[in-house]
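The structure appears right after this line, and notes come after that.
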Amino acid sequence: MVRLYESRRRAGAGHLGPGFPVGRAEVSALLERRLHESGSAFGLRPFQILTRSPRPE
């Protein structure tokens, strides 16, 4: 599980690249309730907290 936080008051984009092949990544709410699945790329709004759970292939 990876928790990301944007603290600089600006939106941005990123790519999560762990050391193992990722089949999918689950996006969760702050209390770890699953919201949806996505790829390895993501975007962050100002002051957003994003919780992702990469799953191996």
Side-chain angles (χ1 to χ4, degrees):
M1 180 171 292
V2 178
R3 189 157 285 154
L4 306 155
Y5 172 64
E6 197 299 303
S7 63
R8 296 187 177 191
R9 296 185 186 181
R10 58 183 170 198
H15 176 80
L16 184 61
F20 57 89
V22 175
R24 63 179 204 241
E26 295 177 352
V27 178
S28 303
L30 191 58
L31 296 176
E32 299 176 15
R33 183 178 50 90
R34 183 173 170 249
L35 299 174
H36 59 85
E37 293 182 8
S38 81
S40 58
F42 61 90
L44 286 173
R45 295 184 311 269
F47 301 110
Q48 180 182 7
I49 299 171
L50 180 64
T51 304
R52 299 176 56 94
S53 300
R55 302 289 182 216
E57 289 184 327

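Legend: residues meeting side chain to side chain donor-acceptor pair (under 3.5 Å) with S28, ordered by chain and number and at least two apart, are absent. With sequence neighbours excluded, the residues that form a side chain to side chain contact (heavy atoms under 4.5 Å, CB included) with R8 are E6, R10. Remark: R34 engages E26, E37 in a salt bridge (charged side-chain N to carboxylate O under 4.0 Å, His left out) (not counting sequence neighbours). In this structure Q48 satisfies the side chain to side chain donor-acceptor pair (under 3.5 Å) test with no other residue, sequence neighbours excluded.
With rounding to the nearest 0.5 angstrom, the OG1 atom of T51 is 8.0 Å from the CG atom of L4.
Of all the heavy atoms in G43 and L50, the pair that sits closest is O-CD2, 4.4 Å.
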